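Here's the structure we're looking at; comments come further down.
All values reported here derive from a predicted model rather than from experimental measurement. Below, all heavy atoms of this structure are taken into account, side chains as well, without hydrogens, waters or symmetry copies.
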Amino acid sequence: MCISTYCTFLFLIISLCITVPVKSSNGCGYDACNLGDPNKLNVHIVPHTHDDVGWLKTVDQYYYGARENIQHAGVQYILDSVIHSLEENPDRRFIYVEIAFFWRWWNQQTNETRTKVKNFVNEGRLEFISGGWCMNDEASTHYNSIIDQHSLGAEFLRDQFGECARPKIGWQIDPFGHSREQASILAQMGFDGLFFGRADYQDIEQRQKIKTMEMIWQASTNLGDQSWLFTGVLPNGYGPPGSFCFDIFCDGEPIMDDPRLHDYNVPERVQKFIQIAHDEALAFATNHIIMTMGSDFQYGNANHWFKNLDKLIKYVNAEQANGSNVNVFYSTPSCYLYALNKVGRSWTIKTDDFFPYAHHPHGFWTGYFTSRAALKRYERHSNNILQVTRQLNAFANTNLRNSIFRLSEAMGVVQHHDAVSGTEKQEVAFDYAMRLAEGIDAAVDVINKAYDKLLPKDNQSLPNVPQFLCQLTNISECLPIEGQDRFTLTLWNPTGHTISHHVRVPVTKNYTILDSTGHVILADLIPISEPTKKIPGRKSFAMNQLIFKAILPALGFNTYYFEVKNNTLLTNKINDEQEIIITKDDKCILQNEYLQVEFDCQGNLNKIINLKKNIVVPFTAQGFYWYTSFAGNNSRAEFQASGAYIFRPNSSDPQPVSTKRSITCIKTTTVQSAIIIFNDWTSQEINLYDNANILEVEWTVGPIPIDDNIGKEIILRYDTDIKSQSKFYTDANGREVLERIRDYRPTWNYSKVESVSGNYYPINSRIWIKEPNRQFTILTDRSEGGSSIYDGSIEIMVHRRTFYDDALGVDEPLNETAFDDGLVVRGRHFLIIESPASSALYHRVGSQQLYMHPLATYALPQLSYVNYSTTYHQTWSGLENDLPLNIHLLTFDQLDTKQYLIRVEHYFELNEDDTYSNSVIFDLQKIFQSQGIIIDIVELTLSGNLPLNNMKRLQWSTTNKTLSKMNILKEISLEDLNIILNPMEIRTFLVTVE
């Protein structure tokens with residue numbers, strides 16, 4: 001035994017002398033890469049940690065390592081330990097992703113530690129991958145917020161580390177399905193590739209058989225090869241291969257390499273690893289494979305990992321002397337990608353997306369498309385406030401960007417794939433909402449300072465009259481204005497186009513409303529609905545609301561002055577000529593010059609008619625239904641429960657929430673409404689405003705009853721006679737639209753098991769069905785899940801309340817409560833009846849105005865209207881003329897007193913509108929007419945961290961004989977600031993003015 005052991009020990013020493021040496025670093029980026037041996041199977045070892053920016057604990061609890069009884073995780077210790085371990089061996093590599101954590105850690109480091117870290121970055125030993133504030137969700141996020149959170153992280157990395165820290169690889173290893181728009185965005189940021197860990201189990205099975213785990217994702221049908229992105233599905237999720245997890249909390253056997261000791265296991269561990277490498281290589285197309293060595297919150301004791309990895313690399317490579325072809329070394333995703341690029345092969349293409357995702361036949365991760373519907377809306381609302389605050393800060397030249405950071409940072413955190421997704425613990429959801437609320441409070445200070453400069457006339461120094469938000473007007477509550485004799489309402493329009501906007505103001509008195517010219521605005525005083533007054537937690541005494549139409553200037557504001565009338569609210573008359581007509585449980589027709597909407601006396605929606613084009617869409621049914629949540633114990637796939645992640649109904653036939661309903665019809669000059677009450681927890685108010693060509697459906701759901709111990713998933717369903725032929729269309733993150741076909745996947749032969757949840761897709765902003773001459777489109781005010789389960793039908797899930805956890809980690813059911821009862825959620829759908837050829841004009845513009853909604857701020861000036869109008873501007877615009885209708889100012893961010901980051905986008909797709917799907921030219925100087933003359937301009941990548949002319953992406957060849965290539969754009973000249981935007985193009989500029 002002793003002789004045999006000694007011989008083995010001696011052989012290993014000899015073998016090490018002839019091992020191929022690891023390439024030393026020659027700098028950062030691809031220059032620092034070890035490309036392996038072209039004649040061997042090269043195993044790229046990628047040490048990493050996956051640090052959720054909130055999930056079971058809050059982001060701060062995760063950072064500090066608090067609440068260890070919930071989960072052992074402390075990011076500050078991980079980073080401390082990794083930096084120490086990198087010092088011990090120059091061959092070691094590590095990647096880091098979540099800048100929300102790294103920023104916290106970096107702010108606490110000494111200059112000595114910072115210098116070490118910068119050296120590791122410059123040597124390519126510490127590499128930032130993705131580089132966003134978080135690893136964002138891809139199903140529930142809006143493209144505006146995805147860009148912002150990536151830009152926030154990219155800016156930090158650029159400012160602290162320079163070019164060597166610029167991320168080139170997307171690392172979306174944990175999100176639960178993958179969006180085509182996400183890939184397109186990363187490509188436009190200059191990324192060369194994307195890796196992720198989750199894809200549908202059927203998809204992976206097929207790809208492994210035919211070695212297409214890696215591909216070229218053609219991520220846009222509009223942008224050509226500038227949207228192409230090399231994409232790889234990782235071989236083991238994002239964890240290490242079986243039995244080779246060396247974290248302190250793993251049970252993998254360490255490498256015990258002293259042959260004199262009893263548990264010496266080098267031969268066994270080496271052969272096991274070599275076998276795993278060969279097995280993995282069977283599913284991949286080249287002689288390079290990647291192994292992710294790490295997982296959730298690992299490397300708290302980095303030495304535990306690195307010491308074993310050092311040994312593993314050493315002894316596996318030593319086997320090359322015995323004929324092994326496995327060559328293993330420390331690497332990064334960037335270096336792995338670069339090695340694949342240098343192989344010089346052609347790759348298959350993908351043009352669809354990776355939704356929906358299932359990990360087994362009954363495990364479709366489609367519930368989270370709707371989970372925590374209130375948080376999803378609050379996130380969208382917060383983004384609206386963030387963009388308006390940036391615009392006001394820029395136009396007023398208040399230079400308060402640092403004060404806006406609090407909301408920017410909160411928004412960056414909430415994009416996390418266990419945040420806006422709704423898959424976090426309840427306590428963590430509260431924390432996300434609190435961060436947004438605190439960020440909004442900070443933004444209101446900036447809004448006030450901006451209006452302090454924009455409102456006063458002739459640069460007057462005036463006493464401060466603070467503006468404030470009323471964020472509960474969706475339940476007809478604005479407590480500070482109740483009982484006031486006068487107040488003002490200022491509406492900022494964040495779009496580049498003059499818009500018509502209907503305003504609702506809850507009041508306890510009746511008021512005359514005066515516009516900027518002193519004219520009285522026609523307003524209707526109507527009662528607040530009973531479902532609204534019964535919402536738990538509503539504190540308002542307002543029983544009525546004023547509704548009026550405002551015409552708002554592009555990128556500007558109007559202020560409306562309210563002064564109390566002498567007459568009482570006991571009458572519903574606005575004046576002697578105008579009365580409200582109210583009927584109950586009778587036939588109801590809402591009609592303006594564009595639309596006619598018909599209801600029967602039982603409250604059933606019968607038809608919608610587009611009067612201008614004589615398009616009729618009958619409805620066979622419309623209303624609320626609920627699926628029973630499957631109550632499984634998760635012990636096997638067939639017992640999978642419905643929970644925060646998983647949507648699994650007990651039956652494919654949902655039940656109506658009620659067999660009868662009541663209808664109240666209210667008609668005024670400004671709005672005609674049908675208030676339909678199904679029961680004491682579901683209702684809808686269908687509103688047709690004057691001159692509107694879109695119908696508004698305001699739905700209210702909750703508290704969802706659970707007295708019967710049954711979880712319920714609530715849908716709002718619209719059943720028409722449109723012959724949709726199993727097809728429907730949903731958007732990707734608010735931008736491009738993809739065709740969906742029921743019970744079908746473009747990439748593989750789909751085996752249907754779950755007929756409902758397997759056909760659900762994320763709806764970020766719109767869904768439609770169509771036939772040759774009719775299209776029925778629904779716009780949403782937040783991300784929701786939905787489908788067309790039957791031809792002619794659209795269903796959208798609006799709220800969920802389940803009794804069971806789905807055993808995917810969160811360890812609690814989705815059971816949101818408020819005010820000692822189930823949570824009430826309210827939202828809006830917008831219905832469009834048009835021809836397919838003209839629908840884009842309405843859904844593109846409508847959706848854009850919905851997500852960039854006018855921001856209302858109120859004030860309580862102690863001035864008469866005459867004195868107020870003499871003292872303050874009541875209308876203002878940053879533009880002399882509107883931007884072209886198909887152009888949107890996506891970002892307007894003042895960096896310092898003279899410098900601005902702007903993004904402008906063309907938000908129509910190719911071939912969807914005869915007029916607006918064409919390229920457009922406009923003068924960039926027009927946006928800056930109130931700031932000054934542009935004296936310098938540099939076009940940047942989408943993330944804003946690199947001049948576009950410096951972007952050099954890797955080229956790839958595809959199996960259909962096409963080659964990706966960079967289009968070299970001509971630098972924009974100060975002599976000609978007219979820029980061209982093509983459909984779906986976003987262009988980013990750094991602008992300096994004087």
Side-chain angles (χ1 to χ4, degrees), residues 356 358-374 422-423 426 621-661 678-684 699-719 742-743 752-761 763 784-790 793-808 810-817 821-825 827:
H359 67 300
H360 61 65
H362 302 285
F364 282 90
W365 300 46
T366 52
Y368 81 97
F369 298 164
T370 298
S371 295
R372 303 198 187 278
T423 55
Q426 183 63 61
Q622 187 274 333
F624 296 96
Y625 298 77
W626 59 276
Y627 289 104
T628 300
S629 305
F630 194 90
N633 62 14
N634 305 299
S635 58
R636 295 203 305 266
E638 55 267 36
F639 301 139
Q640 174 68 61
S642 197
Y645 299 89
I646 303 295
F647 168 41
R648 189 187 180 196
N650 206 32
S651 165
S652 59
D653 295 317
Q655 303 178 43
V657 299
S658 176
T659 56
K660 60 182 180 178
R661 60 188 82 173
F678 293 77
N679 54 31
D680 58 1
W681 58 275
T682 50
S683 65
Q684 62 182 0
W699 50 265
T700 306
V701 175
I704 298 174
I706 56 172
D707 297 342
D708 52 7
N709 294 318
I710 294 175
K712 298 175 180 66
E713 328 242 359
I714 315 303
I715 63 169
L716 189 49
R717 198 170 80 190
Y718 305 81
D719 295 338
R742 192 163 54 250
D743 299 328
K752 181 179 74 172
V753 179
E754 293 287 340
S755 59
V756 177
S757 59
N759 284 302
Y760 259 56
Y761 289 86
I763 305 168
E784 295 169 323
S787 186
S788 175
I789 301 300
Y790 307 100
S793 175
I794 293 176
E795 65 179 58
I796 300 176
M797 187 177 291
V798 294
H799 199 5
R800 316 178 68 217
R801 193 177 187 188
T802 71
F803 263 94
Y804 293 87
D805 176 56
D806 48 20
L808 293 169
V810 75
D811 200 29
E812 64 182 36
L814 184 68
N815 182 17
E816 296 181 282
T817 60
D821 208 339
L823 182 67
V824 177
V825 179

### Message
Given 3.5 Å as the limit, does a donor-acceptor pair link the side chain of T802 with the main chain of P813, or not?
### Response
no
### Short side-chain to backbone donor-acceptor contact, D806 and Y645, under 3.5 Å
yes
### Message
Using side-chain heavy atoms (C-beta onward) and a distance below 4.5 Å, is D743 in contact with N759?
### Response
yes
#### Entry: From E754 atom CD to Y760 atom OH, the distance as rounded to the nearest 0.5 Å
12.5 Å
### Query
For the residue pair Y627 and P654, what are the closest heavy atoms and their distance?
CE2-CD, 3.6 Å
### Task
Check D805 against A641 and note the closest heavy-atom contact, atom names and distance.
O-CB, 3.7 Å
### Query
Does the pair V756 and E795 meet the rule for a side chain to side chain contact (heavy atoms under 4.5 Å, CB included), with working shown?
CA-CA 11 Å; V756 177; E795 65 179 58; 4.2 Å; yes
### Query
Quick check, are the ring centers of F647 and F369 under 6.0 angstrom apart?
no
### Task
Working to the nearest 0.5 Å, report the span between CD1 of I715 and CD of E784.
12.0 Å
### Message
Please check: side-chain N/O of S629 versus main-chain N/O of S642, any donor-acceptor pairing under 3.5 Å?
### Response
no
### Message
So, taking the atom named CG in L823 and the one named CZ in R372, what distance separates them when rounded to the nearest 0.5 Å?
### Response
9.5 Å
### Query
Under 4.5 Å between any side-chain heavy atoms of V657 and Y625, yes or no?
no
### Residue pair Y368 / W365: nearest heavy atoms and the distance that separates them
CE2-O, 3.0 Å
### Task
Tell me, with the steps shown, if E816 and V825 meet side chain to side chain contact (heavy atoms under 4.5 Å, CB included).
CA-CA 10 Å; E816 296 181 282; V825 179; 5.7 Å; no
### Query
Would you find more than 12 non-hydrogen atoms of other residues, nucleotides or ligands less than 6.0 Å from Y804 atom OH?
no
### Message
Quick check against the 3.5 Å criterion: does S788 have a side-chain atom that pairs as donor or acceptor with the backbone of S793?
### Response
yes
### Query
What's the spacing between I714 CD1 and W699 CH2 if we round to 0.5 Å?
10.5 Å
### Task
Measure the OG1-CD1 distance between T423 and I646 for me, rounded to the nearest 0.5 Å.
11.0 Å
### Exercise: identify the closest heavy-atom pair between R800 and A644
NH1-O, 3.4 Å
### Query
Where do D719 and Y790 land on the side chain to side chain contact (heavy atoms under 4.5 Å, CB included) test, with the steps shown first?
CA-CA 9 Å; D719 295 338; Y790 307 100; 5.8 Å; no
### Task
Mind listing the closest non-hydrogen atom pair of R661 and Q622 along with its distance?
NH1-O, 2.9 Å
### Task
State whether a side-chain donor-acceptor pair under 3.5 Å links N634 with Q640.
yes
### Gap between atom CD1 of I763 and atom CD1 of I794 - 0.5 Å precision
7.5 Å
### Side-chain donor-acceptor contact under 3.5 Å, S757 with R648
no
### Query
What are the two closest non-hydrogen atoms of K712 and I706, and how far apart are they?
NZ-CA, 4.3 Å
### Query
Checking side chain to side chain contact (heavy atoms under 4.5 Å, CB included) for the pair V753/E638: CA distance, chi angles, key distance, verdict?
CA-CA 10 Å; V753 179; E638 55 267 36; over 6 Å; no
